[in-house]
Number of protein chains: 2
Amino acid sequence: MRGRHRRGARWFSEHLREQGYRYTVPRALIIDVLSAMPGHPSVEEIYFEAHKRYPQIGLTTVYRTLELLVRTGVVLKFDFGDGRTRFEMAGAFQGKSHHHHLICTSCGKIVEYTDFIKEELDLLKKTEDALSKKYGFAVKSHLLQFYGVCYVCLKKREQP
Amino acid sequence: MRGRHRRGARWFSEHLREQGYRYTVPRALIIDVLSAMPGHPSVEEIYFEAHKRYPQIGLTTVYRTLELLVRTGVVLKFDFGDGRTRFEMAGAFQGKSHHHHLICTSCGKIVEYTDFIKEELDLLKKTEDALSKKYGFAVKSHLLQFYGVCYVCLKKREQP
DNA sequence: CTAACTGCAAATTCTTTGCATTAGT
DNA sequence: ACTAATGCAAAGAATTTGCAGTTAG
């Protein structure tokens, strides 16, 4: 894997331009910052990092930029149920492959798994096609998450 | 299907009691109201309906009760991306079978589909087992949603 | 009886909007 | 230059919390 698909600033610039958007300093920065952040940062966390490098950035801009990047397919948006929206670069822009999430409903721990993904993706693709046909939808994406209790929390419950 | 699995007040009463909770008037009412509501009502909508029959109910109680019912597996909770949390009775309590959702990101229309579900559930079950083993999680549930643009919105886009 | 539950009001938290200013192309 | 994008302050919306009074078991 190792960044094989990583995209440079040039690519993002063109990607945005093509869709009629400008490639601005805050946008470049947010892409850069998010690409370097592990896990699934919230708006606040992204703002915090961006602010370190460019103190005049506003929280509003972070909100608006993330919304734009999600809309143009550069960033993925998740709700893991902790009350804040979380983000990550779409796989292809980070050298990561497509993955799904396993969420501990007790402590919030998130595991990204890629095992078993191939079979899942095949079935999801098949389902997408069938749904498109049957309901006349242009299906664009899917969300698959598993919820449970992680081993740490399981142990805590046994002997509290 | 036809309510084959529908549960009566007695069942809910015992279900809550077993877990150490009381079966109160507001709780009974919310279960009743939600069971009768089609689609995926928000907290406000559930409150509105409940309020008709029992005007002294408070919005806070609706929030707290739904949280409780979700926690005890009676109700399912969804985020379809419109900024409010949405709910429905878990399939078995409504005579509905397990289903997934197809969401129009343009107008918010939700389609519940049950086609292909059997195959999906088989694979999801298999994945749950594998994830449980590999990551030591006790997997409790999953969420699968498809996003796209419905035919109405597709048409609007062609000729605006 | 008495601990759990309720309802109100106030507080919090996340997110969006309006608008004057700045900056990309 | 011309318009999209930004940043600030203020508004808005959903959800949570504190607490005194009520109710189920």
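Sequence lines set the chain letters: A, B, ... in the order given, protein chains first and strands last, and positions in each chain run from 1.
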Testing C:dT15, C:dT17, C:dC5 for proximity to the side chain of A:L59, the answer is C:dT15

Residue from B:T114, B:L144, B:V111 passing side chain to side chain contact (heavy atoms under 4.5 Å, CB included) with B:H99:
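Filter result, single survivor: B:T114.
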
A:E67 CD to C:dT16 P: how many Å, rounded?
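Answer to the nearest Å: 8 Å.
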
Minimum side-chain heavy-atom gap A:F93-A:V75 below 4.5 Å:
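No, too far: nothing below the 4.5 Å cut-off.
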
Compare the minimum distances between each of D:dT16, C:dT15, D:dT6 and the side chain of A:R27, then state the nucleotide with the smallest one.
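So the nucleotide nearest the side chain must be D:dT6.
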
Under 4.0 Å between a side-chain N/O of A:T85 and OP1 or OP2 of C:dT15, yes or no?
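Yes, A:T85 has a side-chain N/O under 4.0 Å of OP1/OP2 on C:dT15.
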
Measure the OH-CZ distance between A:Y113 and B:F137 for me, rounded to the nearest 0.5 Å.
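If we round to the nearest 0.5 Å, A:Y113:OH and B:F137:CZ are 11.5 Å apart.
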
Give B:R64 one of three labels, base, sugar-phosphate or nothing, depending on what nucleic acid heavy atoms sit under 4.0 Å from its own.
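Counting heavy atoms under 4.0 Å across all strands, the contact made by B:R64 includes a base.
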
Which part of the nucleic acid does A:E44 contact within heavy-atom distance under 4.0 Å: base, sugar-phosphate only, or nothing?
nothing

Once rounded to the nearest 0.5 Å, what's the spacing between atom NE2 of A:H15 and atom CG of A:L69?
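Answer rounded to 0.5 Å: 8.0 Å.
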
Can you tell me the distance, in whole Å, between the OH atom of B:Y47 and the P atom of C:dG7?
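After rounding, the gap between these two atoms is 9 Å.
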
Return the nearest nucleotide to the side chain of A:T24; candidates are D:dT15, D:dT6, C:dC5.
D:dT6

Pair A:S13-A:R17, side-chain donor/acceptor within less than 3.5 Å
yes

Which listed nucleotide (D:dC8, D:dT6, D:dT15) is nearest to the side chain of A:T60?
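It is D:dC8.
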
Write down the distance between CD (B:E18) and C1' (D:dG25), rounded to a whole number of angstrom.
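Distance check: B:E18 CD to D:dG25 C1' gives 16 Å.
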
Nearest whole Å is fine: how far is C:dA3 P from B:Q19 CD?
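That distance rounds to 22 Å.
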
Calculate the interatomic distance between B:Y63 atom OH and C:dA11 atom P; express it in whole Å.
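In whole Å, C:dA11 P and B:Y63 OH are 18 Å from each other.
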
Does any non-hydrogen side-chain atom of A:H100 lie less than 4.5 Å from one of A:L124?
yes

Spacing of B:F87 atom CZ relative to D:dA14 atom P, expressed in whole Å
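My rounded result for the distance is 13 Å.
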
Nearest to side-chain heavy atoms of A:R22, which nucleotide of D:dG18, C:dA23, C:dT15:
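Taking heavy atoms from C-beta onward, the closest nucleotide is C:dA23.
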
Closer to the 5' end of DNA chain D via nearest nucleotide, is it A:G20 or B:S13?
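The residue closer to the strand's 5' end, by nearest nucleotide, is A:G20.
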
Measure the distance from CD1 on A:I57 to P on C:dT21 and round it to the nearest whole Å.
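Between P of C:dT21 and CD1 of A:I57: 21 Å.
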
Report for the helix from C:dC1-D:dG25 to C:dT25-D:dA1: angle between first-end and last-end helix axes, five pairs each, rounded to 10 degrees.
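Between the first-five-pair axis and the last-five-pair axis there is 50°.
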
Side-chain heavy atoms of A:F12 within contact of A:R7, under 4.5 Å
yes

Which nucleotide sits closest to the side chain of B:V25: D:dA24, D:dT6, C:dG24?
D:dA24

Hydrophobic cluster partners of B:I110 (side-chain heavy atoms under 4.5 Å)
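Besides B:I110, the cluster holds A:L76, A:F78, A:F80, A:I103, A:I110, A:L143, A:Y147, B:L76, B:F78, B:F80, B:I103, B:L143, B:Y147.
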
Measure from CZ on A:R84 to P on D:dT16 and round the result to the nearest Å.
12 Å

